[in-house]
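This report refers to the structure that appears directly beneath it.
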Amino acid sequence: MKEFVNCLKAVKADTPLVQAITNYVTINDCANILLSVGASPAMCEAADEAYEFSQISSAIYLNIGTFTKEQELAMLLAVKGAAKKNIPVVLDPVGCGAIPRRIEYINKLRKFGKIHVVKGNLGEIKSLLGVKSKVRGVDSIDDGEDGIAVCKELANQWDCIVAATGKIDIITDGQKVGLIKNGTEMLTKITGAGCMVGALTAGFCGANDNLLAATMTSHLVMTLAGEKAVEGKDGNLPGSFRIKLFDEISLVDENTIYERGQIEWL
Ligand SMILES: Nc1ncnc2c1ncn2[C@@H]1O[C@H](COP(=O)(O)OP(=O)(O)O)[C@@H](O)[C@H]1O
Ligand SMILES: Cc1ncsc1CCOP(=O)(O)O
Ligand SMILES: [Mg+2]
């Protein structure tokens with residue numbers, strides 16, 4: 001657990017600058033969740049700024065939830081700029097299980113530079129591997145019995161960290177597999193929980209060289225905050241839960257991690 005505590009301390013100490021090119025449904029939530037954890041968001045998505053801005057950022061967050069033609073070009077340039085300075089890139093392939101052209105775009109994106117972390121729900125992760133998955137639009141309805149094998153395979157094929165969210169989050173570098181057993185189903189009752197944990201993952205990768213530990217920690221912090229938010233007043237109601245989530249993200253500390261963290265390494 002100490003490695004996760006150290007990852008959290010590094011974010012709060014370094015205030016990593018995260019360039020986010022993300023969807024307009026949850027863009028504000030992603031900016032605020034990064035501020036809540038101690039990072040610094042910049043939703044810089046103009047195509048003629050993305051190449052330069054990526055090179056002054058600590059990490060890049062790309063989320064194709066509602067990607068526009070401007071964002072398509074901006075993401076290519078941001079990945080190219082990040083590759084020049086070896087800056088970590090986190091991709092959330094929202095909806096790729098339901099919209100095949102998104103997988104074609106991601107394959108093009110990977111030709112412009114390295115994707116260091118792919119974070120999606122299990123249906124999206126399976127779709128990237130070309131495995132039949134059960135999705136409903138941007139949501140996964142996959143029971144995930146083969147989730148670990150799929151995540152390891154994709155991590156090895158793409159030489160990246162893969163994080164598949166669900167009741168249990170699966171995080172792997174293709175060799176080691178970490179399971180995050182914290183969380184609450186309430187996180188599925190608000191839009192943006194996946195987007196927000198993707199943004200947090202970029203924040204943690206921007207302050208920690210060990211991207212596996214950083215990705216484990218972002219998912220641990222999100223699920224611990226979710227557990228504490230649902231325990232609060234009216235936390236069983238989606239509107240109250242969502243607001244409390246931002247509060248609880250800012251309150252997660254080493255005690256929370258040591259006392260409540262439920263991690264299993266395979
Ligand atoms: N059934 C569940 N029980 C507890 N936590 C969950 C459950 N499903 C998802 N989560 C958590 O909710 C967050 C969003 O995951 P998910 O809903 O899979 O992403 P998306 O919103 O991209 O579909 C993650 O932190 C995940 O751990
Ligand atoms: C509903 C929706 N439609 C396009 S992007 C988006 C938000 C998806 O957020 P998340 O993947 O966190 O559920
Ligand atoms: Mg999602």
Side-chain angles (χ1 to χ4, degrees), residues 4 22-23 26 30 61-65 88-99 102-103 106-107 109-110 115-185 187-188 190-205 210-226 261-266:
F4 309 130
T22 187
N23 69 74
T26 62
C30 289
Y61 177 49
L62 306 179
N63 176 305
I64 61 171
V89 176
V90 176
L91 170 69
D92 187 340
V94 178
C96 70
I99 308 167
R102 293 190 174 193
I103 293 187
I106 290 166
N107 289 331
L109 190 67
R110 292 178 58 226
I115 305 292
H116 298 80
V117 181
V118 179
K119 188 280 333 162
N121 60 46
L122 188 55
E124 291 158 346
I125 297 300
K126 284 187 168 182
S127 301
L128 291 177
L129 200 60
V131 171
K132 189 158 175 44
S133 64
K134 304 180 188 94
V135 296
R136 181 185 297 122
V138 300
D139 291 329
S140 173
I141 48 176
D142 203 296
D143 48 19
E145 79 285 349
D146 54 352
I148 292 171
V150 166
C151 290
K152 287 181 74 172
E153 175 63 25
L154 186 65
N156 285 314
Q157 273 192 23
W158 286 24
D159 183 25
C160 71
I161 304 292
V162 170
T165 55
K167 185 169 176 50
I168 294 176
D169 291 343
I170 303 164
I171 294 150
T172 182
D173 60 2
Q175 305 306 315
K176 290 179 74 176
V177 178
L179 303 180
I180 309 275
K181 298 185 174 181
N182 293 95
T184 167
E185 199 169 3
L187 284 164
T188 66
I190 58 169
T191 190
C195 297
M196 287 188 267
V197 76
L200 288 175
T201 301
F204 278 85
C205 289
N210 181 334
L211 300 189
L212 179 62
T215 305
M216 288 287 288
T217 311
S218 61
H219 287 69
L220 181 59
V221 167
M222 182 67 168
T223 49
L224 286 170
Q262 295 174 57
I263 305 270
E264 181 184 353
W265 285 111
L266 301 183

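All of these numbers come straight from a predicted model, not from anything done at the bench. Every heavy atom of this structure was used, including side-chain atoms; hydrogens, water molecules and symmetry mates were not.
In this structure, the side chains of Val117 and Leu91 stay at 4.5 Å or more apart for every pair of heavy atoms. Side chains of Trp265 and Met216 form a contact here, defined as non-hydrogen atoms less than 4.5 Å apart. The shortest distance between side-chain heavy atoms of Cys195 and Tyr61 falls below 4.5 Å. Residues Val177 and Leu179 form a side-chain contact, since some pair of their non-hydrogen atoms from C-beta on lies under 4.5 Å apart. The shortest distance between side-chain heavy atoms of Val118 and Cys160 falls below 4.5 Å. Within the 4.5 Å cutoff, no side-chain heavy atoms of Ile180 are placed close to those of Phe4. A 4.5 Å side-chain heavy-atom check between Lys152 and Leu266 finds every atom pair outside the cut-off.
Using modelled atom types, no side-chain atom of Asn63 and backbone atom of Val94 make a donor-acceptor pair closer than 3.5 Å. Checking side-chain atoms of Arg102 against main-chain N and O of Gly65 turns up a donor-acceptor pair under 3.5 Å.
Atom CD1 of Ile171 sits about 6.0 Å away from atom OG of Ser218, to the nearest 0.5 Å. Note: Gln262 CD to Leu224 CG = 8.5 Å, rounded to the nearest 0.5 Å. Distance check, rounded to the nearest 0.5 Å: CG of Leu62 to CD1 of Ile64 gives 9.5 Å. The distance from the CG atom of Asp159 to the CZ atom of Arg110 is 9.5 Å, given to the nearest 0.5 Å.
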Going through the distances and angles, do Met222 and Leu187 end up as a side chain to side chain contact (heavy atoms under 4.5 Å, CB included)?
CA-CA 9 Å; Met222 182 67 168; Leu187 284 164; 4.2 Å; yes

Could you go through Val162 and Leu128, starting from their C-alpha distance and side-chain angles, then the distance that decides it, and tell me whether this counts as side chain to side chain contact (heavy atoms under 4.5 Å, CB included)?
CA-CA 11 Å; Val162 170; Leu128 291 177; over 6 Å; no

Run the side chain to side chain contact (heavy atoms under 4.5 Å, CB included) check on Thr172 and Ile148 step by step: do they pass?
CA-CA 8 Å; Thr172 182; Ile148 292 171; over 6 Å; no

Please determine whether side chain to side chain contact (heavy atoms under 4.5 Å, CB included) holds for the pair Leu220 and Phe204, giving the CA-CA distance in whole Å, both sets of side-chain angles, and the decisive distance to 0.1 Å.
CA-CA 11 Å; Leu220 181 59; Phe204 278 85; over 6 Å; no

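Residue pairs satisfying the salt bridge (charged side-chain N to carboxylate O under 4.0 Å, His left out) criterion with at least one member in residues 160-178, sequence neighbours excluded, are absent.
Among residues two or more places apart in sequence or in another chain, the side-chain hydrogen bond (donor to acceptor under 3.5 Å, both in side chains) test is passed with Thr217 by none. Residues meeting the side-chain hydrogen bond (donor to acceptor under 3.5 Å, both in side chains) test with Asn182, sequence neighbours left out: Glu227.
The heavy-atom pair separating Val197 from Lys119 by the smallest distance is CG1-CD, 3.7 Å. Considering every non-hydrogen atom in both Val135 and Gly123, the closest pair reads CG1-CA, 3.5 Å. Of all heavy-atom pairs between Glu185 and Thr188, the closest is O-OG1, 2.6 Å. When all heavy atoms are compared, the tightest approach of Cys96 to Glu124 is SG-O, 3.4 Å. Nearest heavy-atom pair across Ile125 and Cys151 is CG2-SG, 4.2 Å. Residues Cys205 and Val90 come closest through the heavy atom pair SG-CG2, 4.3 Å.
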